[in-house]
Amino acid sequence: MSGSTIIPWVVGNWKMNPIQSDATQLIQQLINLLAQSPIEANACHIGVAPTSIALDRTFQALNAAPRAIYTVAQDISRFAGMGAYTGEVSAELLVDSQIQYVLIGHSERRDLLGDSVEILKAKLHNALQAGMTVIYCVGESLEQREQGLAEQVVLQQICDIASVVNTEQWLKQIVIAYEPIWAIGTGKTASPQDAQAMHAKIREGLSQITAHGAQIALLYGGSVKPENAVELAACPDINGALVGGASLNAQSFYQIAQAFAQSKQ
Ligand code: PEP
């Protein structure tokens, strides 16, 4: 089913980058580009996910933008509220700092930082309870794809969270990002056909879980750049992009947002 009525999302995941002065410059460049050639707010949601130390600064700087640019946390604590959890930042503390968006389930957190399904569910529950919008990441490894398990793995990752998301939250607080692990930071992108096929499967799977399956934004992530954004954006079930490397260049990131905004109008 086509998701073409969904407003696309283009979100930059800065990961553990960049230093403060470069981040300030990057934000200013993005603001300038959007001031020179505006992308209407209802044509594309735009967000950036800086490091946790830069969240507040980024939020303040983006307030000067001519349109909304969301500040997105890259992660959240599995523990709610406040308490003796050294090093952690809870959903409530993020919301208290006006951060309303968060990535959960990025493959780097699943594979390198020990985020198990149980931990991800706790994080998701806390974020949703605090009223945040979650970009929930799914994706298969190269090995799983080569074994013909890609669909099964991805659909299982969606099913994993079904018990912690209610009907209204699916509609208002969930965005899904499909990021094949073999395409993240490698320069290899899934072909638009393969990405669309997986997105269609995800939408089909979502529609079995929630009545809102057709309205949930499905982002693609994995070496998205201006050179492949137009083709990816043309796919009916690709409603945006989660962008790593290319989001560290304001011009590239802007062009990706422009590609999605234009193709979905
Ligand atoms: C990511 O880490 O979410 C990502 C998609 O990275 P890249 O665009 O660099 O592949």
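Both counts, for ligands and for their atoms, begin at 1 and track the order of listing. This structure is a prediction, so every number in the text was calculated from the model and none was measured.
- Of all heavy-atom pairs spanning Q196 and C235, the tightest one is OE1-CB, 3.6 Å.
- Atom CG of L112 has more than 12 neighbouring heavy atoms from other residues, nucleotides or ligands inside a 6.0 Å radius.
- The A183 neighbourhood of ligand 1 comprises atoms 10 (O), with distances under 4.0 Å to a heavy atom of that residue.
- For ligand 1, the polar-atom distance check finds an N/O of G244 within less than 3.5 Å of one of the ligand's N/O atoms.
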Exercise for review: Go through L124 and N126 one step at a time and tell me if the side chain to side chain contact (heavy atoms under 4.5 Å, CB included) criterion holds.
Suggested key: CA-CA 5 Å; L124 198 83; N126 294 345; over 6 Å; no
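- In this structure, the protein non-hydrogen atom closest to atom 9 (O) of ligand 1 is G245 N, 2.8 Å.
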Exercise for review: Begin with the C-alpha distance, continue with both residues' side-chain angles, and end with the deciding distance and a verdict on side chain to side chain contact (heavy atoms under 4.5 Å, CB included) for V89 and D75.
Suggested key: CA-CA 9 Å; V89 181; D75 190 34; over 6 Å; no
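- Only side-chain heavy atoms of N13 come within less than 4.0 Å of ligand 1; its backbone N, CA, C and O stay farther off.
- Heavy-atom contacts of G222 reach the following atoms of ligand 1: 5 (C), 10 (O) (cutoff under 4.0 Å).
- Under a 4.0 angstrom heavy-atom cut-off, G185 registers as being in contact with ligand 1.
- By the 30° and 60° cut-offs, the orientation of the rings of Y101 relative to W9 is perpendicular.
- Under a 4.0 angstrom heavy-atom cut-off, H106 registers as being in contact with ligand 1.
- Using a 30° and 60° split on the angle between ring planes, H199 and Y178 fall in the perpendicular class, above 60°.
- Under the 4.5 Å side-chain heavy-atom criterion for grouping Ile, Leu, Val, Met, Phe, Trp and Tyr, V154 is connected to I174 within one hydrophobic cluster.
- Counting protein heavy atoms only, atom 3 (O) of ligand 1 is closest to E179 OE2, 2.6 Å.
- With a 4.0 Å cut-off on non-hydrogen atoms, S247 does not touch ligand 1 at all.
- Not a single heavy atom of S107 sits closer than 4.0 Å to an atom of ligand 1.
- Open room surrounds CD on Q20; 12 or fewer heavy atoms of other groups in view lie less than 6.0 Å from it.
- At a 3.5 angstrom cut-off on N or O pairs, S223 counts as close to ligand 1.
- Summary of contacts: the protein heavy atom closest to atom 2 (O) of ligand 1 is K15 NZ, 2.5 Å.
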